[in-house]
Structures are given as C-alpha cells and as structure tokens.
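Both ligands and their constituent atoms are indexed starting at 1 by order of listing.
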Amino acid sequence: MSVTVALTLDEALTALATDPAATVLAGGTDLMVELNGGHRRAASVVAVNRVRELRSWRHDPAAGTLWLGAAVTYTEIAQEPIAALVPALAQAARTVGSPQIRNAATLGGNVGTASPAGDGLPVLAALDAVVHLASAGATRDVPFAEFATGPKRTVLQPGELITGVTVPVLHGYQGYSKVGVRNAMVIATASACLAVDVASRSVRFAMGSVGPVILRAPEAEAIAAAAADFDAGTIPSEVVERFGAAAGAAARPIDDHRSTAAYRRRAIEVLARRLLARAFPAGAPIGGDA
Ligand SMILES: Cc1cc2nc3c(=O)[nH]c(=O)nc-3n(C[C@H](O)[C@H](O)[C@H](O)COP(=O)(O)OP(=O)(O)OC[C@H]3O[C@@H](n4cnc5c(N)ncnc54)[C@H](O)[C@@H]3O)c2cc1C
C-alpha cells in the first residue's frame, strides 16, 4: 500500500488529483477498523490529519459562524473555546468512544463515514451546517442535509476532500443526547440534537440511528416554535408531549442487531421531550394553557 502523508492542503489535493482512487485517512478510527476487518481495501492512502489548514478552526463573530476544519478532533471540540460556540457539538463529542478515540477521531471522518449513528451528525443537521469540499482546482459547498445519500453513502466524488464544515453560532439552548446499551463506548441506538435559535424564533430537532440518514422533524419543530415563549423561556407542558409524539412520528427506524424499531421510536419521543423541557426550563407560564 502506498501512503502519502500530506502536510498542506495543496499536498493533499495534489496527491488526490494524481491518484483519485486513493483513500483519505484522517484519525483512522473508522477506516483502520474496516481495513483490518477486510471490509474495505485501499491500494493507496492519503493521510490528512497533519494538514494544518484542516486542523484549524475559525470563529467569525461578524458573520455569526464557526468554521471547523475536517481534521479537528473530538477532543478539541469537547473543550473550550469551541465548546462555548457549539455546546451541542461539544456534548456529542464527549460521548464519542474513549479519550484515546476522541484524540484521534475527527469531525471530517465522522462526516466522511456518514453512519446514521455518527454522534456529531445530528448536531450538524440541526444547525444546518454546510460541508465544504475541495478537489484540485475546484471547491463546492454542500448543505449537510444533502451530503449523505444513504447509510455510509455520500455525494463525495473520487479525488475530493472534505475541508471543513461551517455552522452558525446561535443564541439559545443546545443539547445532544443519546441512548445506547451502556453509558460509555457505545454506538447510539437513538440520538437527538435540539437547538433553539432565539433570533429567528426557531427550534431545530435532528435524530440519529432512526433512519438511513440523519433526519429532521419539521412538524415537531413547528409545534415547538409556535408555542414557545422565547423571551420568558417557557412552553406549555402539553406542547412538550405533542413535540415528543411528533418527533417519534418523524423517525424511520428499523429492527436490527442493536435494537428494535419500536424501541428506537420510543427513545426518540423521550429524548425529544427531555431536550425540549431542558430548552424551556421555566415550564408552562402560570395560568397558561398547559
Ligand atoms: C472503539 C471505537 C469507538 C467509537 N465510538 C464512536 C462513538 O461513540 N460515536 C461516533 O460517532 N463514532 C464512534 N466511532 C467511530 C469513529 O471514531 C468516528 O466516526 C470518527 O469521527 C471517525 O473519524 P476519523 O478521523 O478516525 O476517520 P477515518 O477513520 O480516518 O475516516 C473515516 C472515513 O471518512 C473518510 N474521510 C476522513 N476524513 C476525510 C476528509 N477530510 N475528506 C474526505 N473523506 C474523509 C475516510 O476515507 C473514511 O471513509 C468509534 C470508533 C472506534 C474504533
């Protein structure tokens, strides 16, 4: 196997232009498992986890955005200063594997694998992230919702690299929660991210492990946004119930070796209710219609 260790973005893109069939390697926490298990083959590899442009991140306060390079690790995302800018992504990062895995695993690798169980992905979906791609001489931006086309399938073309993602820095509650068979080192049976954007009076809700790709729950989002008092931080408690039911209805879970569809749908209902109640902790206003 030939291995190119790129140190700059130019080097990585040139290596991929010369050999578009090459496999991109970042932290290797997904790829090496697949190669070692014989589920995937790679004649040549371009390692990108030392590419300085991909290891960097940038907060643009004027635009209200955060750009995260593809090779930023979950350890970095779990800590300040990134954690304060995207709290839900930091929460998701803290649930990924073990400290050793988080030190190597990158956000770009999570996006590249495009598993419906990827912990960073419901957050990117809820935040309407933009995925930035580059090949030699060309770049394109893909809305996160269009990046994955199925389980572990994406729009990424041979020779193309994920350079990073951009997310908005929102004002409002953000939370990520997952259900699994144990508390640590676990692949999500169901996962969810809720993000409130006080400026646009919106509630965003995305779900993992309950469909072929990460799903949003637009009806549930509309129910919450219509009933919430964004200034007072209140929401009628009956709306929390309806929100959970609508989120569960939007899930498209299947039975597999990890769980049943019925359990996953139920888990989404519970996660949705829990996250919405955390987002509006003041509960229903006194004398309200709850
Ligand atoms: C023990 C263990 C526990 C784990 N626990 C979790 C968990 O709790 N939650 C979770 O979400 N994941 C978990 N994972 C999976 C894995 O750690 C994550 O998906 C991680 O984010 C992958 O990142 P990576 O840098 O290691 O990617 P790699 O393995 O290097 O690459 C993954 C895929 O993305 C492609 N790729 C990587 N970077 C780029 C790029 N810049 N451009 C284009 N393609 C790219 C690769 O070609 C490959 O197909 C676990 C893995 C292990 C081994």
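The closest approach between R40 and ligand 1 falls below 4.0 Å for a heavy atom of the residue. Under a 4.0 Å heavy-atom criterion, K178 is in contact with ligand 1. For L54, the closest heavy-atom approach to ligand 1 does not fall below 4.0 Å.
Residues satisfying the side-chain contact (heavy atoms from CB on, under 4.5 Å) test with R201, not counting sequence neighbours, are V198, F230, D231.
At a heavy-atom distance under 4.0 Å, no atom of I187 approaches ligand 1. Within the 4.0 Å heavy-atom criterion, neither part of V111 lies near ligand 1.
What sits closest to atom 29 (O) of ligand 1 on the protein, heavy atoms only, is L31 N, 2.7 Å. Looking from atom 52 (C) of ligand 1 to the surrounding protein, the closest heavy atom is I101 CD1, 3.7 Å. Among all non-hydrogen protein atoms, the one lying nearest atom 14 (N) of ligand 1 is D30 OD1, 4.4 Å. Here the heavy atom of the protein found nearest to atom 44 (N) of ligand 1 is L156 CD2, 3.8 Å. Scanning the protein heavy atoms around atom 47 (O) of ligand 1, the nearest turns out to be V24 O, 2.5 Å. From the protein, the heavy atom lying nearest to atom 9 (N) of ligand 1 is D119 OD2, 2.6 Å. Protein heavy atom closest to atom 28 (P) of ligand 1, with residue, atom name and distance, is G28 N, 3.5 Å. When only non-hydrogen protein atoms are considered, atom 3 (C) of ligand 1 lies nearest to G97 CA, 4.0 Å.
Below 3.5 Å of separation, one finds no N or O of G112 facing any N or O of ligand 1. Polar contact check, A70 against ligand 1: no nitrogen or oxygen pair lies under 3.5 Å apart. Considering backbone and side-chain atoms together, V33 places no N or O closer than 3.5 Å to any N or O of ligand 1. For ligand 1, one of its N or O atoms has an N or O atom of T106 under 3.5 Å away.
When each atom of ligand 1 is checked for a heavy atom of Y74 under 4.0 Å away, the hits are 21 (O). Distances below 4.0 Å separate heavy atoms of V186 from the following atoms of ligand 1: 8 (O). Here is the list of ligand 1 atoms found below 4.0 Å of a heavy atom in G118: 11 (O). Close approach of ligand 1 to A105 is summarised as follows: ligand atoms under 4.0 Å from at least one heavy atom of the residue are 17 (O), 20 (C), 21 (O), 23 (O), 25 (O), 26 (O). Atoms of ligand 1 found under 4.0 Å from any heavy atom of T95, numbered from 1 in the order shown, are 8 (O). Close contacts between ligand 1 and A26 involve ligand atoms 25 (O), 30 (O), 37 (C), 38 (N) [criterion: under 4.0 Å to a heavy atom].
Closest to atom 31 (O) of ligand 1 by heavy atom, among G208, G109, A188, A47, is G109. Among I162, T113, T73, L107, the residue whose heavy atom lies closest to atom 33 (C) of ligand 1 is T113. The heavy atom nearest to atom 51 (C) of ligand 1, considering only N110, L161, T154, T29, is found in T29. When the heavy atoms of A114, A22, G27 are ranked by distance to atom 24 (P) of ligand 1, first place goes to G27.
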ask   = So F144 and V131, side chain to side chain contact (heavy atoms under 4.5 Å, CB included) or not? Walk me through it.
value = CA-CA 6 Å; F144 181 79; V131 183; 4.0 Å; yes

inquiry  = Checking E238 against R242 for the salt bridge (charged side-chain N to carboxylate O under 4.0 Å, His left out) test, could you report, in this order, the C-alpha distance in whole Å, the side-chain angles of both residues, the deciding distance, and whether it holds?
reply    = CA-CA 6 Å; E238 62 89 11; R242 281 205 288 133; 3.4 Å; yes

task = List the steps and the verdict of salt bridge (charged side-chain N to carboxylate O under 4.0 Å, His left out) for E221 and R204.
result = CA-CA 6 Å; E221 293 177 358; R204 297 132 171 255; over 6 Å; no

request  = Before giving the answer on side-chain hydrogen bond (donor to acceptor under 3.5 Å, both in side chains), spell out for Y74 and N103 the whole-Å C-alpha distance, their side-chain angles and the decisive distance to 0.1 Å.
outcome  = CA-CA 7 Å; Y74 274 120; N103 283 342; over 6 Å; no

ask   = Can you check salt bridge (charged side-chain N to carboxylate O under 4.0 Å, His left out) on R40 and D30, steps first, answer last?
value = CA-CA 11 Å; R40 198 163 156 181; D30 276 326; over 6 Å; no

task = I would like to know whether T149 and V213 meet side chain to side chain contact (heavy atoms under 4.5 Å, CB included); could you show each step before the answer?
result = CA-CA 7 Å; T149 54; V213 295; over 6 Å; no

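I214 and L89 fall within the same hydrophobic cluster, defined by Ile, Leu, Val, Met, Phe, Trp and Tyr side-chain heavy atoms under 4.5 Å apart, directly or through other members. A continuous path of Ile, Leu, Val, Met, Phe, Trp and Tyr side chains, each step under 4.5 Å between heavy atoms, connects L35 with V5, placing both in one hydrophobic cluster. Criterion: ILVMFWY side-chain heavy atoms under 4.5 Å apart, direct or through other members. Under it, L13 and L133 are not part of a common hydrophobic cluster.
Screening residues 153-178 for side-chain hydrogen bond (donor to acceptor under 3.5 Å, both in side chains) gives T95-K178, D119-Y176, D119-K178, H132-T166, R140-E160 as the qualifying pairs, with residues at least two apart or on separate chains.
Here the OG1 atom belonging to T75 is positioned 9.5 Å from the CD atom belonging to Q100, to the nearest 0.5 angstrom.
Side-chain contact annotation: D60 with T65, donor-acceptor N/O pair under 3.5 Å absent. Using modelled atom types, one finds a donor on one side chain and an acceptor on the other under 3.5 Å when comparing T73 with E76.
Using a 4.5 Å heavy-atom threshold, the side chains of T189 and S209 count as separate. Counting heavy atoms from C-beta on, the side chains of L85 and V167 never come closer than 4.5 Å.
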